Amino acid sequence: MTLLYATHARVHLGNIRDNLRAIRAAVGPERMVLIAVKANGYGHGAVAVSRMAEATGTAEWLGVATVPEGIELREAGLRLPILKLGPTFPAEMAAAVTAGITLAICSREEADAAAEAARAAGRPVSVHLKVDTGMGRVGVMQEEAPALALHLSALPGVELGGVFTHLPVSDAADPAFTREQISRFRAVAADVQEAAGRKLLVHGANSGAVLGHEPAWLDMVRPGIMIYGFRPDPATPDTIPLKPGMSLLTRVSFLKRVPAGTSIGYGRTWVAPRDTFIATIPAGYADGFNRLFSNRGRVLIGGRSYPLVGRVCMDQSMVDLGEETDVAVGDEVVLMGRSGDAEIRCEEWAEKLGTITYEVTCQVNPRVTRVYDPY
Ligand SMILES: Cc1ncc(COP(=O)(O)O)c(C=O)c1O
């Protein structure tokens, strides 16, 4: 494949598959696995990751945030069940029902709108009841969950198949809140199933809980960030081996030797303290190579680490190679990933940028071509 823009992401589908196998080995074959592929698979490519999971049998469900994300998967031919994880506006429901997306139902009004959408589409809608047990974001309050289950069960064209919740601190060092939350959710799920008059798919474990809270595994786990190779937080237990899902690469586009005193880039924030070689790379903040890396980031070339100098521009950045160099125009530059024995991990980006790995990979811009490793 000829890349017409050198800055690209290599997506290590084999690593993501291995992460899924490691999750399966931990949680056991009797549990189902839903993989969160929202936000274009946390930047890795929702269609490619979902296809890999479907082809290798490493996941049973796909999780999306929006109706268009679900439609994209269906149009790509994916047949696995798709759960939309948050509430849906009435105007979005017809398209969701037609695409066979399972809706998360958080209120009576939403339940009624789903029933109306099913009636209009002439086909049933599958739903899971979402209960708020401590996230404080969306979901029916736990006291009202059995009544909503009863209401859903009576609606024509609505098939209640599951009940779930979300855990806000399952990745934290202190397990107390999550333990208590899980035991409350288990009790609510039992009441919901009694109200519904049948066994439902009960689920609550995001990556933090897959790694650190076995009682949350229930009938299905819902990992996101860990399938892409990262623990949700440095404090989360390291109980399952994970491999990075993405590397970010580019090439040297321009090289020059500058005399001491030469300023580099916008704002003239870096001035060469000595004669030195400066490489320019075609990667900037419009690619997700964050501007906060200005004078703070680093890259790898030929297994060696070099500092970024000056401000990161929209489309380009500059690297100080030092007084002598054998780097040449066209050489591969690793922004994230391995080069020889050296590595820049996504966690290093997250720490330097004051954010989390989730945001780092989500911010890799669509103009950065994803190149998929075979698996
Ligand atoms: C409802 C729900 N379940 C599971 C996940 C996956 O979370 P994580 O990426 O932390 O594993 C998310 C992501 O935010 C979510 O919103």
Side-chain angles (χ1 to χ4, degrees), residues 16 19-20 22-24 26-27 31-44 46 49-50 53 58-67 69-70 81-88 101-106 110 127-140 145 162-172 177-178 181-182 185 189 201-214 216-240 242 244-246 346-347 350 355-363:
I16 298 174
N19 295 337
L20 282 168
I23 292 168
R24 176 81 59 190
V27 304
R31 290 194 170 81
M32 291 208 261
V33 177
L34 175 150
I35 54 171
V37 292
K38 61 201 175 106
N40 196 28
Y42 294 32
H44 295 70
V49 170
S50 302
T58 46
E60 285 77 28
W61 279 76
L62 306 170
V64 299
T66 71
V67 174
E69 287 175 351
I82 298 172
L83 175 64
K84 182 174 173 294
L85 296 161
T88 305
I101 296 169
T102 300
L103 299 176
I105 298 294
C106 306
E110 211 188 351
V127 304
H128 286 195
L129 177 55
K130 185 159 195 180
V131 191
D132 186 355
T133 56
M135 177 69 186
R137 185 171 63 178
V138 295
V140 63
V163 53
F164 72 112
T165 199
H166 196 44
L167 309 169
V169 283
S170 59
D171 58 343
F177 182 87
T178 304
Q181 191 187 2
I182 295 164
F185 175 59
L201 195 61
V202 182
H203 51 107
N206 51 4
S207 295
V210 173
L211 289 159
H213 292 276
E214 190 171 339
W217 292 353
L218 300 165
D219 299 326
M220 177 162 84
V221 295
R222 281 198 324 265
I225 195 68
M226 69 184 294
I227 80 165
Y228 305 108
F230 315 113
R231 283 179 292 146
D233 188 272
T236 316
D238 200 355
T239 47
I240 297 177
L242 300 172
M246 182 192 284
C346 187
E347 288 89 338
T355 185
I356 50 179
T357 53
Y358 301 67
E359 192 183 19
V360 169
T361 59
C362 281
Q363 280 186 349

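Since we're looking at a predicted model, the values are computed, not measured. Atoms within each ligand, like the ligands themselves, are counted from 1 in listed order.
- A salt bridge is absent between Glu60 and Arg31; no separation between the charged side-chain nitrogens and carboxylate oxygens falls under 4.0 Å.
- Contacts with ligand 1 closer than 4.0 Å are made by no heavy atom of His203, backbone or side chain.
- Under a 3.5 Å cut-off, the side chain of Asp132 and the backbone N or O of Gly134 do form a donor-acceptor pair.
- In this structure, Thr133 contributes its side chain and Gln181 its backbone to no donor-acceptor pair below 3.5 Å.
- With Lys84 contributing its side chain and Val67 its backbone, the two residues share no donor-acceptor pair below 3.5 Å.
- Of all protein heavy atoms, the one lying nearest to atom 3 (N) of ligand 1 is Arg222 NE, 2.8 Å.
- At a 4.0 Å heavy-atom cut-off, ligand 1 touches His166 through the side chain alone.
- Checked by atom type and distance alone, the side chain of Thr236 pairs as donor or acceptor with a backbone atom of Asp171 at under 3.5 Å.
- Taking every heavy atom of Lys130 and a limit of under 4.0 angstrom, the matching atoms of ligand 1 come to 1 (C).
- By the criterion of a heavy-atom distance under 4.0 Å, the backbone of Pro223, and not its side chain, is placed next to ligand 1.
- When atom types are taken as modelled, the side chain of Thr357 and the backbone of Cys346 share no donor-acceptor pair closer than 3.5 angstrom.
- The two residues Ile16 and His44 come nearest to each other via the heavy atoms CD1-CD2, 4.3 Å.
- Using cut-offs of 30° and 60° for the angle between ring planes, the His128 and Phe164 rings count as perpendicular.
- With a 4.0 Å cut-off on non-hydrogen atoms, Met135 does not touch ligand 1 at all.
- Ligand 1 has a nitrogen or oxygen under 3.5 angstrom from a nitrogen or oxygen of Gly224.
- Nearest non-hydrogen protein atom to atom 14 (O) of ligand 1 is Lys38 NZ, 3.0 Å.
- With respect to atom 9 (O) of ligand 1, the closest heavy atom belonging to the protein is Tyr42 OH, 2.6 Å.
- Among all protein heavy atoms, the one lying closest to atom 11 (O) of ligand 1 is Ser207 OG, 2.5 Å.
- Nearest non-hydrogen protein atom to atom 10 (O) of ligand 1 is Tyr358 OH, 2.6 Å.
- Nearest protein heavy-atom neighbour of atom 16 (O) of ligand 1: Arg137 NH2, 3.4 Å.
- Residue Ile225 has at least one nitrogen or oxygen atom sitting less than 3.5 Å from a nitrogen or oxygen atom of ligand 1, judged on distance alone.
- Judged by distance alone, with hydrogens and angles left aside, the side-chain atoms of Ser207 form no donor-acceptor pair with the main-chain N or O of Pro232 at under 3.5 Å.
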